[in-house]
Amino acid sequence: MFVASEKRSLDAIFDTFLKSPTIFRNRDVLRPTYVPDELPHREEHITRLGMILSSALRGAAPSNVFIYGKTGTGKTAAAKYVLKHLSEKTKSSEVSIPALKTAYVNCRVVDTNYRVLANLCKEVGLEVPFTGLPTDEVYRRFVEETSDKNVLIIIVLDEVDMLVKKDGDDVLYDLTRINTSLKRGRVSLVGISNDLKFKDYLDPRVVSSLSEEEVVFPPYTAPELQDILRQRASAGFREGVLDDGVINLCAALAAREHGDARRALDLLRVAGESCERAGEQKVSEKHVRTAQNCIEFDTVTETLRTLPLQSKLVLYSIYLLEIHGEEEAITGSVFDVYTELCAQLGLDLLTQRRVGDLVNELDMLGIINAKVESKGRYGRTKKIKLSVPSNQVREVLGEDEALKNVSNYVPKGSRQSS
DNA sequence: AATCCACAGGAAGCCCGGGAAC
DNA sequence: GTTCCCGGGCTTCCTGTGGATT
């Protein structure tokens, strides 16, 4: 299995890797999750946020804040930055003020009312089971735990729109009114959302109390992105390893996608990695281009690979229609092919209703593009197209053992109709 | 103007595996 | 043990609908 020559060549790879001087000084600085000591072009927003939250230093509960802005505009970083400095300040403060606790919840990960509350309980040192209790009970315990303590809790609900879309605004409603049930403890909320229309789904009472204050984060412009990249690059890369155009190109590419700093940083980091892997000493625009393809390809592959089996089957049906059918795939034909595949593999058949939902999920993931279209007398349906390369779909789905038996399947008659 | 296709997509509720409380 | 709750995947039943055709 493991031949000596292979071992030697692997050794050689490791050796060259160790010997060649790394171009990175500190790779972590280039990750989007890193919060630097300074956030360029967000001074205004940070000041604003700081002013709102500063009443914590006088022992009063700050107003609830709502932060809007698209992905990668620095919302989360700014919020974390301000909270970090705020809690440092409260510790060194001479005035006696309530203890400050901050709880950060990412509602994309923690996406049900129950789990948000369970998370908050954990933050105040209360263990609750991850299921089993009524939601009200978890809320009650949280109130009980915090009510008598002289503590101010600032709760950050990141991507809160995800929670509301999925599970309604009950928890938000409870949390905005929680202070009326607390004797000494106080709670302030910081909501973060990248959906500007998000307020429409909310109970008006929640809107008014949640957005007592609002801060909007505009997208970064290309020059601003350049500044951010330069700042991180100087800490992340060793001096002189970046070609001139590299930062500008990363910034330009990311600016094209609604000024996403996260994207820009990923590009820069991955460009560095691909340069390093090639054993080169200077990161050039070529590496940035490679990085762009690489990021795109990797995220798609990972998404495809982790799809549940039924979704894979639906996607595979769409793929088959795309390569064999003369016409565009529509819901009905996808369902037909999917039915054939299930019969072939001896799998349980889902209803068309459910398959429709799976199609929508694939659409949301950006793997396919589904558009409702009316063909007049011939009904209303969805036209479905792949929006990732078809050979990538074949490759990744082909890895799945469960789909091996249909790897060469051809849908019955390329369903020709009038 | 009326009809009618081929679905879209909402609502309600089932079932299951997790667990808590009594 | 019984009875309750939660969450996710799913089905059943249903009403709604854009626009070519009649």
Side-chain angles (χ1 to χ4, degrees), chain A residues 105-122 126-145 157 159-160 162-175 197 200-201 303 306-315 317-318 321 325-343 345-365 368-385 400 402 411-418:
Chain A
V105 180
N106 187 327
C107 301
R108 181 193 291 276
V109 186
V110 183
D111 63 352
T112 66
N113 288 329
Y114 182 93
R115 288 214 280 260
V116 167
L117 287 171
N119 239 269
L120 294 178
C121 284
K122 206 183 280 173
L126 197 63
E127 279 304 320
V128 286
F130 66 89
T131 174
L133 294 175
T135 310
D136 307 357
E137 173 63 17
V138 185
Y139 176 72
R140 198 194 58 74
R141 288 189 190 182
F142 179 73
V143 170
E144 193 184 70
E145 177 69 21
L157 297 171
E159 308 199 54
V160 64
M162 302 295 282
L163 171 68
V164 174
K165 273 180 207 155
K166 180 146 182 273
D167 216 14
D169 56 4
D170 294 355
V171 159
L172 283 184
Y173 183 72
D174 287 343
L175 287 177
K197 288 182 302 180
D200 300 348
Y201 321 116
T303 319
T306 51
L307 242 30
L309 181 59
Q310 293 286 3
S311 299
K312 281 184 180 172
L313 227 46
V314 172
L315 178 62
S317 308
I318 297 167
L321 282 170
E326 296 111 42
E327 292 176 30
E328 271 182 286
I330 60 167
T331 307
S333 55
V334 170
F335 185 69
D336 288 346
V337 177
Y338 162 79
T339 309
E340 292 169 26
L341 291 178
C342 279
L345 295 170
L347 289 170
D348 286 342
L349 186 69
L350 298 181
T351 55
Q352 182 157 349
R353 178 72 187 80
R354 178 66 187 142
V355 170
D357 280 344
L358 293 182
V359 166
N360 287 339
E361 282 169 27
L362 292 172
D363 188 18
M364 293 245 291
L365 290 170
I368 62 172
N369 184 291
K371 209 167 91 212
V372 244
E373 226 168 80
S374 179
K375 293 190 289 179
R377 191 69 195 250
Y378 303 107
R380 232 157 79 90
T381 183
K382 269 201 197 113
K383 287 203 167 171
I384 304 166
K385 278 185 299 195
D400 195 314
K412 294 219 176 84
S414 301
R415 61 206 62 248
Q416 67 291 44
S417 58
S418 81

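The sequence lines fix the lettering, A, B, ..., with proteins before strands; numbering per chain opens at 1.
Under the side chain to side chain contact (heavy atoms under 4.5 Å, CB included) rule, Ser317(A) has a single partner from Ile384(A), Val337(A), Val355(A), which is Val337(A). When each of Leu315(A), Leu350(A), Leu349(A) is tested with Gln310(A) by the rule side chain to side chain contact (heavy atoms under 4.5 Å, CB included), just one qualifies, namely Leu350(A). The side chain to side chain contact (heavy atoms under 4.5 Å, CB included) with Val116(A) is formed by just one residue from the set Val110(A), Leu172(A), Thr135(A); it is Val110(A).
Note on Leu117(A): nothing from the nucleic acid sits closer than 4.0 angstrom, heavy atoms only.
Distance, Leu358(A) CG to dG9(B) P: 14 Å, rounded to whole Å. Protein atom CZ of Arg140(A) is 14 Å distant from nucleotide atom C1' of dA20(B), rounded to whole Å. Rounding to whole angstrom units, CG of residue Asp357(A) and C1' of dA11(B) are separated by 13 Å. Gln352(A) places its CD atom 7 Å from the P atom of dA8(B), with the value rounded to the nearest Å. Between the P atom of dC7(B) and the CD atom of Glu328(A) lies a distance of 14 Å, rounded to the nearest Å. Atom-to-atom, CG of Asp348(A) to C1' of dC16(B) comes out at 14 Å; the value is rounded to the nearest Å. Between Arg354(A) atom CZ and dC15(B) atom P the separation is 18 Å, expressed in whole Å. Remark: C1' of dG18(B) and CZ of Arg115(A) are 12 Å apart, rounded to the nearest angstrom.
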Next on the checklist: Please evaluate residues Ile330(A) and Lys375(A) with respect to the criterion side chain to side chain contact (heavy atoms under 4.5 Å, CB included), reporting the C-alpha separation (whole Å), side-chain torsions for both, the decisive distance (0.1 Å), and the verdict.
Outcome noted: CA-CA 11 Å; Ile330(A) 60 167; Lys375(A) 293 190 289 179; 4.0 Å; yes
Checklist entry - Could you walk me through whether Leu347(A) and Leu309(A) pass the side chain to side chain contact (heavy atoms under 4.5 Å, CB included) check? => result CA-CA 10 Å; Leu347(A) 289 170; Leu309(A) 181 59; 4.0 Å; yes
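Between the side chain of Gln352(A) and the main chain of Thr331(A), no donor-acceptor pair closer than 3.5 Å is present. Tyr114(A) contributes no side-chain N or O that, together with a main-chain N or O of Val138(A), makes up a donor-acceptor pair within less than 3.5 Å.
Inter-axis angle, ends of the helix from dA1(B)-dT22(C) to dC22(B)-dG1(C), five pairs per end, rounded to 10 degrees: 30°.
Rounded to the nearest 0.5 angstrom, Lys312(A) NZ and Leu358(A) CG are separated by 13.5 Å.
Checked against dC7(B), dA21(B), dC4(B), the side chain of Arg377(A) finds its nearest nucleotide in dC4(B). Picking from dG19(B), dG10(B), dT3(B) the nucleotide with the shortest atom distance to the side chain of Thr131(A) gives dG19(B).
Checking the phosphate oxygens (OP1, OP2) of dG9(B), a side-chain nitrogen or oxygen of Lys382(A) falls inside 4.0 Å.
Ion pairing between Arg140(A) and Glu137(A) holds under the 4.0 Å rule for side-chain N and carboxylate O.
When DNA chain C is scanned in the 5' to 3' direction for atoms under 4.0 Å from non-hydrogen atoms of chain A, the outermost contacting nucleotides are dC5(C) to dT22(C).
In this structure, Lys375(A) and Phe130(A) both approach DNA chain B, and ranking their closest nucleotides by distance from the 5' end singles out Lys375(A).
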